[in-house]
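Structure first, commentary second.
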Amino acid sequence: MIMFLYYFSTTNVYKSLYVKVNEEKNILEDEKNKYTQLMDRYNKQVVAQDDALKHTENNLSVARNDLRDVKLQNNELRHQVDKLKKRSEELYAQVNTMI
């Protein structure tokens with residue numbers, strides 16, 4: 001009889017421990033799933049931000065190249081304006097000498 005009571009009480013203890021361990025396991029699995037979803041979401045955001053930075057860097061590179069080309073054109077045009085001013089001064093000087 002004592003053995004039966006001992007057996008019955010230990011099985012109840014093991015059952016309650018099993019239930020508690022299962023509850024803890026389920027809670028931990030839920031937290032793990034939650035954190036996994038957060039990690040996936042943040043990874044997607046990082047990839048999107050990385051793509052945006054690459055696109056911005058590409059646009060910046062194009063803008064730099066365009067700016068450099070415009071500066072070169074501007075310098076060439078200044079040089080041509082200077083040449084034309086000199087030529088017009090020469091022509092005015094020739095006209096003044098003719099008069």
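The basis for the numbers below is simple: all heavy atoms, side chains too, and nothing from hydrogens, waters or symmetry mates.
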CG/Asn74 to CZ/Arg78 distance, rounded to the nearest 0.5 angstrom? 4.5 Å

In the structure I gave you, are the side-chain heavy atoms of Leu53 and Gln49 within less than 4.5 Å of one another anywhere? no

As an exercise, state the distance from CG of Leu17 to NZ of Lys15, rounded to the nearest 0.5 Å. 13.0 Å

Tell me whether Thr36 contacts the main-chain N or O of Lys32 through its side chain, where contact means a donor paired with an acceptor under 3.5 Å. yes

Please answer whether the main-chain N or O of Glu29 pairs with a side-chain N or O of Asn33 as donor and acceptor at a distance below 3.5 Å. yes

NZ/Lys25 to CG/Asn22 distance, rounded to the nearest 0.5 angstrom? 5.0 Å

For Asn43 and Met39, indicate whether the former's side chain and the latter's backbone hold a donor-acceptor pair under 3.5 Å. yes

Rounded to the nearest 0.5 Å, how far apart are CD of Glu24 and NZ of Lys20? 9.5 Å

Would you call Lys54 and Asp50 a salt bridge, taking side-chain N to carboxylate O under 4.0 Å as the test? yes

First locate atom OH of Tyr92, then atom CG of Asn96, and finally report the distance between them rounded to the nearest 0.5 Å. 9.5 Å

Kindly work out whether a path of hydrophobic side-chain contacts (I/L/V/M/F/W/Y, heavy atoms less than 4.5 Å apart) joins Tyr42 to Tyr35. yes

Say you draw a straight line from CG of Leu60 to CG of Leu67; how long is it, rounded to the nearest 0.5 Å? 10.5 Å

Tell me, yes or no, whether the heavy-atom count around Glu57 atom CD, taken from other residues, nucleotides or ligands under 6.0 Å, exceeds 12. no

Quick check: do Val81 and Lys85 have side-chain heavy atoms less than 4.5 Å from each other? yes

Those residues at least two apart in sequence (or on a different chain) that pass side chain to side chain donor-acceptor pair (under 3.5 Å) with Asn65 are Arg68

